[in-house]
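By convention in this document, chain letters (A, B, ...) are assigned in the order of the sequence lines, proteins followed by strands, and residues within each chain are numbered from 1.
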Amino acid sequence: MRWTQTFMPTLRETPADAEIISHKLLLRAGIARKLTGGLYTFLPAGVRVLRKIETIVREEMNRAGALEVLMPALQPPEIWQRSGRYDTASEVFFRVKDRARKEWILGPTHEEVITTMVADELNSYRQFPRNFYQIQTKFRDEIRPRFGLMRAKEFIMKDAYSFDCTDEAAQTSYQKMYDAYSRIFKRCGLQAIPVEADTGVMGGKFSHEFVVPAESGEDEVVYSEGGRYAANVEKAACKPFEPIGTEADAALPIERFATPGVGTIDDLTCEPFGVPAWRQIKTLVYVVESKPILVLLRGDHSLNEAKLTGVLGTAKFRPATADEILELLKAHPGSLGAVGVAHVPVYADEALRNCRGMVTGANEDGWHLRHVVTDRDLSVGRWADLRTVRAGDLCPVTGEPLKLRRAIEVGHVFKLGTKYSIALNALFLDESGKQQPAFMGCYGIGITRTLQAVIEQCHDQDGILWPATIAPYTVCITPLSADPNSQVMQVAEQIYAELGASGVEVLMDDRNERPGVKFKDADLIGFPIRVGIGEKSLANGNVEVKRRGGALTAVKVGEATCAVRELLKGCLANLNLP
RNA sequence: CGGGACGUAGCGUAGCCUGGUAGCGCGUCUGAAUGGGGUUCAGAAGGUCGUGAGUUCAAUUCUCACCGUCCCGACCA
């Protein structure tokens, strides 16, 4: 391709609405343009990158035995009603009406569609296992689209759905996808790491996210230095805490003491009380589907609502209002406690088990209780891991201090179980002629998000550093004259033809621009290899070959093609391709 | 949905406080010189100042409403 024949509008300045580096470069390098918030047009260079990522995804999905299908983007609400997600997922729907004023949904995901298809088509255990995938545009009414392609109203996703006869077989399918994902991201030049994840509203039992560490990421990931443990903070657990207090503490009876003006955990840590936060019991009031509950944590710990969702089995809860709390416990936040509370279900975090000498609110403003023994004085209905892991907590696997960092989620694999197959009647007859629901898994990769995540991870101050596997062009030829009759251009044409003939995706910068402009643009877009051809080096019979971010090497004109292919090999070798 | 910022040419911005119909840089077009890291000079085109209402002799400027964008939070498969 010749630069003048394609359309790669680079921007010298950054559009004001771009915040993170990948968003800025996306626009500056002419990969995409914004139509409006959360909606982008991919320009030719962007489409080339997208197609390359998609090709890698297809190859790896096919290798793993998945079969490509293409489902409708437009979906009937009825299948969502049958799965039960018409209500739980309703906020993300884009709804449209046809001329008969019937409602339709622009698909945010496709579990319902594929399961309906499988329910019709797969009836015998002999037809399993199956894994269907597609690369499709998804529509989600995001609360806040942001960061360019990272969180958009419309985006391209690869989604796959596996169907197995048994839970064990489903585990095998899950593992295949897990392995395929590792290969896919590696081939895209992306350092994506698998972390244990919460299943959220998707339902199911078991899940990993593939994340790209980045400050701009919206996920928070907990990990141990050696890599033995990594989890989304929503899911992350840590080594159990030692119980607070001593046998002597346990012998003391509860004692009420005045705490005028104390409204927070922090207040109580100050003089004259001097009660460290870890000796306090934090009492939270939540309303779950209109019924109140108490949630107890150590004073220095904080609640993880994702974990609470799992324990409660529903996401329909919210913190109680001040009025609701006053009515329920006859006290304001700051003096709340669970001692003697029998009329409200109490959920307590595991870290509070067997703690002695604790302090908690007395359910009377300005009063607290000391010498509380959790197992003696509280009627806990359910002990569970409810706390949010913090940096410095000990790793549940290795015992070393955990670290925390932000990351971009680019892929997610779920083991779903039979939730959708039962709801949508995806049943089959097993060997004994018994009807069974299929065991499902679902597996997503954000294609457009992956593209931007690569930019976020692979760039320098001059622009993008595309991995050779997904670069819009792998080689850019930069003749420093655009005059077709010049020796410079003639040599450029010759190398262009040779590289093209040998199957290299090469771009010829035939624009009549100053050298500086061409160099800047090539760096900005980030072609892995650039061939510079100018009078000076040509006088010695040389052209210059340069890896993006690397050093110039002079090579003889006749050896240029060979040298480029060697460099390209080096680029690919650096990716440690599977 | 709550909080904040912003909306002036394709892009980045000044002007607004203190009202008198708009300026700069980049880009674009023409010409010339130049030609190894966004070169220089000369000329030119390009604006419903987000939309609507109000105040005023007069509104980009002041007031209100709406729309849109971005950020933080809440929320989120």
Side-chain angles (χ1 to χ4, degrees), chain A residues 9-20 23-24 27-28 30 33-39 80 83-85 88-93 107-112 138-148 150-153 155 157 159 161 197-204 207 209 216 218-219 232 234 305-306 309 315-319 409 411-414 416 419-420 442-446 449 461-463 478-483 486 488-489 509 511-525 530-539 542-544 546 552 554:
Chain A
T10 55
L11 301 174
R12 186 194 292 240
E13 287 179 283
T14 307
D17 55 9
E19 194 66 20
I20 64 173
H23 188 192
K24 292 176 180 173
L27 299 169
R28 288 230 289 136
R33 287 290 183 264
K34 184 172 81 168
L35 173 64
T36 183
L39 296 175
W80 290 83
S83 75
R85 290 207 292 182
T88 56
S90 65
E91 323 83 73
V92 303
F93 292 153
T109 180
H110 283 76
E111 282 78 14
E112 281 76 3
K138 307 290 191 199
F139 300 87
R140 298 186 186 179
D141 187 4
E142 292 288 347
I143 295 173
R144 176 144 88 97
R146 57 175 145 182
F147 301 147
M150 287 296 189
R151 183 167 291 274
K153 291 180 188 297
F155 58 96
M157 181 171 173
D159 46 326
Y161 307 90
D198 186 61
T199 53
V201 181
M202 187 60 91
S207 162
E209 280 175 9
S216 62
E218 296 184 282
D219 272 22
N232 188 300
E234 292 181 341
E305 292 199 348
T309 303
K316 287 186 177 163
F317 60 82
R318 58 171 174 82
E409 178 189 359
H412 206 151
V413 292
F414 292 89
L416 288 176
K419 173 180 166 177
Y420 296 96
C442 74
Y443 318 94
I445 290 179
R449 184 183 281 185
Q461 68 281 358
D462 295 317
T478 309
L480 299 186
S481 158
D483 177 2
S486 65
V488 165
M489 201 58 185
D509 190 351
R511 295 175 299 169
N512 185 17
E513 286 288 355
R514 312 265 316 175
V517 173
K518 294 190 174 189
F519 294 145
K520 286 286 185 190
D521 272 349
D523 287 349
L524 176 60
I525 298 175
R530 205 194 73 213
V531 182
I533 302 163
E535 276 178 21
K536 285 184 190 165
S537 48
L538 218 46
N542 290 335
V543 297
E544 286 144 6
K546 181 176 177 296
L552 274 178

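For A/Glu209, the side-chain contact (heavy atoms from CB on, under 4.5 Å) criterion is met by A/Val195, A/Ala197, A/Val211, A/Asp219, A/Asn232, A/Glu409, A/His412, not counting sequence neighbours. For A/Asp17, the salt bridge (Lys or Arg N to Asp or Glu O under 4.0 Å) partners are A/Lys34, not counting sequence neighbours. Residues satisfying the side-chain contact (heavy atoms from CB on, under 4.5 Å) criterion with A/Ala482, sequence neighbours excluded, are A/Asn512. A/Arg511 meets the side-chain hydrogen bond (donor to acceptor under 3.5 Å, both in side chains) test with A/Asp509, A/Asp521; sequence neighbours excluded. When the side-chain contact (heavy atoms from CB on, under 4.5 Å) test is applied to A/Pro9, the partners found at least two apart in sequence or on another chain are A/Phe7, A/Arg33, A/Leu43. A/Phe139 pairs by the ring-ring contact (aromatic ring centres under 6.0 Å, His included) definition with nothing, not counting sequence neighbours. Every residue two or more places apart in sequence or in another chain that forms a side-chain contact (heavy atoms from CB on, under 4.5 Å) with A/Ile533 is listed here: A/Ile477, A/Val488, A/Val491, A/Ala492, A/Ile495, A/Val531, A/Leu538, A/Val543. Looking at residues two or more places apart in sequence or on another chain, you find a salt bridge (Lys or Arg N to Asp or Glu O under 4.0 Å) between A/Lys138 and A/Asp159. Residues forming a salt bridge (Lys or Arg N to Asp or Glu O under 4.0 Å) with A/Glu218 (at least two apart in sequence, or on another chain): A/Arg146, A/Arg151.
Put simply, the side chain of A/Arg85 and the base of B/A77 share no donor and acceptor less than 3.5 Å apart.
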Show the distances under 3.5 angstrom between N or O atoms of the protein and N or O atoms of nucleotides 42-52 of chain B.
none

Please write out the pairs of protein N or O atoms and N or O atoms of nucleotides 25-35 of chain B separated by less than 3.5 Å, giving the distance to one decimal.
residue : atom : partner  : partner atom : Å
B/G25   : N2   : A/Glu13  : OE1          : 2.5
B/C26   : O3'  : A/Arg12  : NH2          : 3.2
B/C26   : O2'  : A/Arg12  : NE           : 3.1
B/G27   : OP1  : A/Arg12  : NH2          : 3.0
B/U34   : O2   : A/Arg514 : NH1          : 2.2
B/G35   : N2   : A/Asn512 : OD1          : 3.4

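Going from atom NZ of A/Lys34 over to atom C1' of B/G68 covers 9 Å, rounded to whole Å.
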How does RNA chain B look in dot-bracket notation if pairs are Watson-Crick or G-U with both distances under 3.5 Å, crossing ones as [ ], other-strand ones as |? (((((((..((((......[..)))).((((((.....)))))).....(((((..]....))))))))))))....
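Heavy atoms of A/Arg530 sit under 4.0 angstrom from at least one base atom.
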